[in-house]
Amino acid sequence: MKKLILYSLLACMTFSMQSCLFSEEDLFEQSSADRENASVLELKSLLTSSTNGWKLEYRYGSEGLGGAANLFFKFDANEVTIASDYATSSYSPGQTATSLYTVQSYNGTEISFDSYNEILHAFCEPNGYNDPGLMGDYEFIVRSMSENEIRLAGKKYGVEMVMTRLDDTVDWTTYLAAAAQISEDSDYNLFSLMQGDQKVASVMREDRAFLLESVDENGTPSYAYFPFVCTETGVRTVEPMVCNGISMQNFTWDNATSTFTCTDEGSNVKLVFERPANYEKYLGTYRVQSGSSSFSLTLEVKKDGKSYQATKVYNLNSGGTWSMTIEFYYDAERDDISANGQVVGYTDGAAVGLYPGIRAEGRFYSTLETVFEGTTTEQDGQMTITFKNNIASQSGMNDWLFIYNSGGYSLMTAWENPVFTKVSD
């Protein structure tokens, strides 16, 4: 009898468990696989539904603090067309590039641009040894989506971004060209944060980010990064920039006065270009010692407070002349100047680049991704600048070699470990 009761209880428990399991499964109308497939189809339908595409405020740099670029996307069933306001060595703002994309379910719904796209992947590729480049993503996890907004997170770096539906009236080329022009025109190293007539703080700019300076009780400065995206008329910081209780996010740009004006309600704030105190001291004429020879070179204003340019003319054996123009940068952080690898001119249609090397050994490093950092010393009223290549993989290559490639590398001229001595303002 006891066994009969026990078997009856076990049977009831089993039946109850089966009933509970059945009820639990019945809460979902679809299996997890079906739900994932539905999410993929929903996202793909949403992406392709916008007749003028989508705008992504694409964030790059460590933790997304390097800046933000406008990326426009137009999706069809399998391909995406992309344009940007961020110029690279091989891309001009407003140009388009088309590649494949995929929407899939892995750890959630994902968009992947794993087919190479020269615009997007310029943010993702390293520049070389120990240089991660702009640290961007090309694979994204979808956090949420609605009719006009898709929130994403980069799969590798985890930076959150927002993609919004573009209005049909937005002309891609016009918008992106205007935004790129704002970025170029306002590309100064230093601004004064003015509230009315009072200077509240100094704000530096690095690429597309504002750096708000604060000083602790010991006089030690520190910086908070506020990446911004350019618009047709100014910039908008991704997060509000807050200083002394002042919150600011939207700015218009006035090129005539080199000023950003905050347009947020109730604001009386401007960012006014501030020329670094020591920028002007580098303007003037120098005697450049190059190996056993020397020549004269004059640094003039290229972009006020930011860069200089110098033109050198050479007499050719053929009887003609050839000239090159080199750009130097004022490094506000180091309070000195530098010269990057760059194209300095052309000969017979071939670009002449500034490369690092050792002329006596006939060696050079075939990349323009180099920086010759200047170190300025002043003694007895005389200012001297020496330069050193600061790239570890190019150690010791302190000669400036001006090389072109026309069916093979050829040396146009060279400055051997140049030393600049200022002779006049």
Side-chain angles (χ1 to χ4, degrees), residues 36-37 39-40 42-44 46-48 53-75 78-91 93 96-146 149-164 176 183 206-211 223-230 236-239 367 369 391-393:
E36 290 170 357
N37 289 335
S39 179
V40 167
E42 180 186 3
L43 176 58
K44 199 155 188 179
L46 182 60
L47 291 173
T48 57
W54 297 81
K55 179 178 76 170
L56 175 65
E57 291 184 357
Y58 183 90
R59 298 179 61 185
Y60 55 88
S62 178
E63 299 181 2
L65 297 178
N70 287 298
L71 263 63
F72 285 9
F73 296 80
K74 182 69 172 70
F75 297 89
N78 298 302
E79 291 188 331
V80 60
T81 299
I82 305 178
S84 176
D85 66 344
Y86 196 94
T88 69
S89 58
S90 59
Y91 172 77
T96 60
T98 301
S99 56
L100 300 175
Y101 78 99
T102 57
V103 177
Q104 58 187 345
S105 181
Y106 186 61
N107 291 323
T109 306
E110 299 180 2
I111 308 174
S112 177
F113 302 91
D114 44 9
S115 170
Y116 180 78
N117 185 290
E118 62 180 309
I119 297 173
L120 180 59
H121 285 79
F123 293 96
C124 308
E125 296 175 334
N127 288 330
Y129 180 73
N130 277 346
D131 184 351
L134 293 175
M135 300 176 67
D137 266 301
Y138 61 89
E139 295 179 301
F140 303 90
I141 299 169
V142 177
R143 297 300 192 200
S144 66
M145 52 181 164
S146 63
E149 181 181 278
I150 303 172
R151 291 189 170 270
L152 306 171
K155 189 172 180 180
K156 182 175 182 179
Y157 294 108
V159 177
E160 296 191 353
M161 313 177 198
V162 180
M163 180 182 281
T164 54
L176 295 172
S183 180
E206 287 185 3
D207 197 2
R208 293 190 181 181
F210 291 133
L211 280 66
Y223 299 91
Y225 282 72
F226 295 91
F228 61 79
V229 63
C230 295
R236 185 180 64 82
T237 57
V238 175
E239 300 291 341
T367 178
E369 300 294 334
I391 308 297
S393 61

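What's counted below: heavy atoms across the whole structure, side chains too, no hydrogens, waters or symmetry copies. Note that the structure is a prediction, hence the values are computed from the model and not measured.
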Does anything in residues 61-70 pair up under side chain to side chain donor-acceptor pair (under 3.5 Å), and if so which pairs, sequence neighbours excluded?
-> Asn70-Asp85
Looking at Phe140, Phe113, Tyr58, which hits ring pair (Phe, Tyr, Trp, His ring centres under 6.0 Å) with Phe73?
-> Phe113
Can you find a pair of side-chain heavy atoms, one from Glu139 and one from Tyr106, that are under 4.5 Å apart?
-> no
Heavy-atom closest pair (Pro227 atom, Gly64 atom, distance to 0.1 Å) is CG-O, 3.6 Å
Pair Leu47-Met163, side-chain contact (heavy atoms from CB on, under 4.5 Å): steps then yes or no | CA-CA 10 Å; Leu47 291 173; Met163 180 182 281; 4.2 Å; yes
Nearest heavy-atom contact between Gly53 and Lys74 is N-CD, 3.7 Å
Testing Phe228, Tyr225, Phe226, Tyr223 for ring pair (Phe, Tyr, Trp, His ring centres under 6.0 Å) with Phe210, which one passes?
-> Phe228
What is the minimum heavy-atom distance between Lys44 and Tyr101, and which atoms define it?
-> CE-OH, 3.5 Å
How far apart are the C-alpha atoms of Ser39 and Met145, what are their side-chain angles, what is the distance that settles it, and do they pass the side-chain contact (heavy atoms from CB on, under 4.5 Å) test?
-> CA-CA 10 Å; Ser39 179; Met145 52 181 164; 4.0 Å; yes
Identify which one of Val162, Val142, Ile141 satisfies the side chain to side chain contact (heavy atoms under 4.5 Å, CB included) criterion when paired with Arg151.
-> Val162
Check whether any side-chain heavy atom of Leu176 sits under 4.5 Å from a side-chain heavy atom of Ser84, and report yes or no.
-> no
Stepwise side-chain contact (heavy atoms from CB on, under 4.5 Å) test for Ile82 and Thr96 | CA-CA 5 Å; Ile82 305 178; Thr96 60; over 6 Å; no
OG1/Thr164 to CD/Glu57 distance, rounded to the nearest 0.5 angstrom?
-> 6.5 Å
Enter the distance from Leu65:CG to Leu211:CG here, rounded to the nearest 0.5 Å.
-> 9.0 Å
Nearest-0.5 Å distance that lies between atom CG in Leu43 and atom CD1 in Ile111 = 4.5 Å
With sequence neighbours left out, write down each residue that passes salt bridge (charged side-chain N to carboxylate O under 4.0 Å, His left out) with Asp137, or none if nothing qualifies.
-> none
Rounded to the nearest 0.5 Å, the OG atom of Ser144 sits from the CD atom of Glu149 at a distance of 6.5 Å
List in chain and number order the residues that pass ring pair (Phe, Tyr, Trp, His ring centres under 6.0 Å) with Tyr86, two or more places apart in sequence or in another chain; answer none if no residue qualifies.
-> Tyr60, Phe123
Centre of Tyr138's six-membered ring, under 6.0 Å away, within 45 degrees of the axis: is that where NZ or CZ of Lys156 sits?
-> no
Can you tell me how far CG of Leu152 sits from OG1 of Thr109, rounded to the nearest 0.5 angstrom?
-> 11.0 Å
Which atom of Ala153 lies closest to which atom of Gly158, heavy atoms considered = CB-O, 4.4 Å
Working for side-chain contact (heavy atoms from CB on, under 4.5 Å), residues Tyr157 and Arg59 = CA-CA 10 Å; Tyr157 294 108; Arg59 298 179 61 185; over 6 Å; no
Does the side chain of Asp114 reach to within under 4.5 Å of the side chain of His121, using non-hydrogen atoms?
-> no
Under 4.5 Å between any side-chain heavy atoms of Glu110 and Gln104, yes or no?
-> yes
Between the CD1 atom in Ile150 and the CE atom in Met161, the distance rounded to the nearest 0.5 Å is 13.5 Å
